[in-house]
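Below is one structure, written out as structure tokens, with a few remarks after it.
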Amino acid sequence: MKKIFLESHNIDNRASGLGTFNQELVKAFAEINPNDLQLILNSKHPERLQQQYGPLFQYHKYSSLQRHPIFRIRKKHDLWHSLNQNTKIEPYRTSKYLLTVHDVNFVEEISSDMQHRNNKLFIAKLKRSDAITYISEFARKQTHQYFDVPKVPEYIIHNGNPITTILDTQDYSTSIPTDRPFIYSIGDFQERKNFLSLVKMIALMPDVNLVLSGNDSHEYGNVIKEYIRDNKLEDKVFLTGKVDEAGKQFFLQHCLAFAFPSIREGFGLPPIEAMRFGKPVFLSNYTSLPEIGGEHAYYWDNFDPEYMKEIVVQGLNHFNQNEAIVSQKMKERAAFFDWKKAASEYLNVYRFVLER
């Protein structure tokens, strides 16, 4: 039986997008349970995964020392799958190598100098790849824009929707006031998420609040908190911090609309989560989001607060006049993104690469 090593150590970071990707893909692999491949998971806490999945997988304990070449994993596997472009864990010996690219935002956010360490690490990954998968067509185009991509098979495999089961949240308790209509968004508080544009927009909407979820302890979170304080928006803008699955679904179920004005996104899981509930979704018309949102989402072309407000007002009017149709279309769009389908496509890529 062929052995596939999944460099999945991000699976332990359950609050991040990469963590969600790892968790959901592994969960879908477990549901399919391929009998011709042995999948090996890399995790700092393999005992937790073993308790969850038992003999469906083999397990390897991750250590940060494995980032250094001398401590790389020496056991040779039939195929090594690097589950994202940023991981610094690489095999000691060359084996068949599959690279999954979520985005190459580091070129735009850190340095476009190809001699920069981040870019050199990524170039090394590209050179050793026997095949490359991308989570969106945008991610493929962005990679080709900045890098010389080797002539190996390339595939677009969209992520699935993390919300497969709708929870009963009627007993969920929160200190955030939800008696007034509110727009909701969720994500790490990074500058590229562009949450500040929502705060500025909501200041112009007297009858609507804004609720933002995610780790707001970073620098950009402090920028937003300062803006809220300086502009006396404490009774309109509410930061929940990180929320669990029940909390996320509660706010998605009860929000007036979902907003995601990110300016750099390799895929964007939160919008399809909102679509699962048939909510009107407002997205930036940038990077991968039009590809993910489809024709029934509403888009901002710029982030002038007055313009953003007008798009929301127009979009809500359109949604309210056509709610049954648009809401159903949003749910259908969400259902298009399926983790089991994605996992099956990855397994087919594994088999193809191994047979080459």
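Note that the structure is a prediction, hence the values are computed from the model and not measured.
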ask   = Regarding Asp12 and Ser43, is there a side-chain donor-to-acceptor distance under 3.5 Å anywhere?
value = yes
request  = Report yes or no: does Tyr155 contribute a side-chain atom to a donor-acceptor pair with the main-chain N or O of Ala131 at less than 3.5 Å?
outcome  = no
request  = Assess the side chains of Ser213 and Thr240: does a donor N or O sit below 3.5 Å from an acceptor N or O?
outcome  = yes
task = Measure from the ring center of Phe303 to the ring center of Tyr286 and say whether it is less than 6.0 Å.
result = yes
Polar side-chain atom of Glu90 near backbone of Arg72 as donor-acceptor pair, under 3.5 Å = no
message = Strictly distance-based, threshold 3.5 Å: is any side-chain N or O of Asn118 a donor or acceptor partner for the main-chain N or O of Ile110?
response = no
message = Given 3.5 Å as the limit, does a donor-acceptor pair link the side chain of Arg264 with the main chain of Asp103, or not?
response = no
ask   = Distance-only, no hydrogens or angles: does the Gln23 side chain make a donor-acceptor pair with backbone N or O of Gly19 under 3.5 Å?
value = yes
task = Answer yes if the side chains of Asn215 and Ser217 hold a donor-acceptor pair under 3.5 Å, and no otherwise.
result = yes
key: Aromatic Phe189 / basic Lys225 pairing, under 6.0 angstrom, 45° off normal   = no
request  = Answer yes if the ring centres of Phe21 and His102 are under 6.0 angstrom apart, and no otherwise.
outcome  = yes
key: Whether Asn42 side chain and Ser8 backbone form a donor-acceptor pair below 3.5 Å   = no
ask   = With a 4.0 Å cut-off, would you call Lys309 and Glu306 a salt bridge?
value = yes
message = Taking the six-membered ring for Trp, are Phe122 and Phe147 closer than 6.0 Å centroid to centroid?
response = yes
task = Could you tell me whether the side chains of Glu7 and Thr87 share a donor-acceptor contact shorter than 3.5 Å?
result = yes
ask   = Taking the six-membered ring for Trp, is the centroid-to-centroid distance between His254 and Tyr184 below 6.0 Å?
value = no
inquiry  = Side chains of Asn10 and Asn84: any donor to acceptor distance under 3.5 Å?
reply    = yes
query = Do the side-chain N and O atoms of His218 and Glu191 include a donor-acceptor pair separated by under 3.5 angstrom?
reply = no
Atom pairs and distances, donor-acceptor, side-chain atoms in residues 287-295, under 3.5 Å, two or more places apart:
unit_1 : atom_1 : unit_2 : atom_2 : d
Thr287 : OG1    : Glu265 : N      : 3.1
Thr287 : OG1    : Glu265 : O      : 3.4
Ser288 : OG     : Glu265 : O      : 2.5
Ser288 : OG     : Gly266 : O      : 3.4
Ser288 : OG     : Phe267 : N      : 3.3
Ser288 : OG     : Phe267 : O      : 3.1
Glu291 : OE1    : Glu137 : N      : 3.2
Glu291 : OE1    : Phe138 : N      : 3.1
Glu291 : OE2    : Glu137 : N      : 2.7
Glu291 : OE2    : His158 : NE2    : 2.9

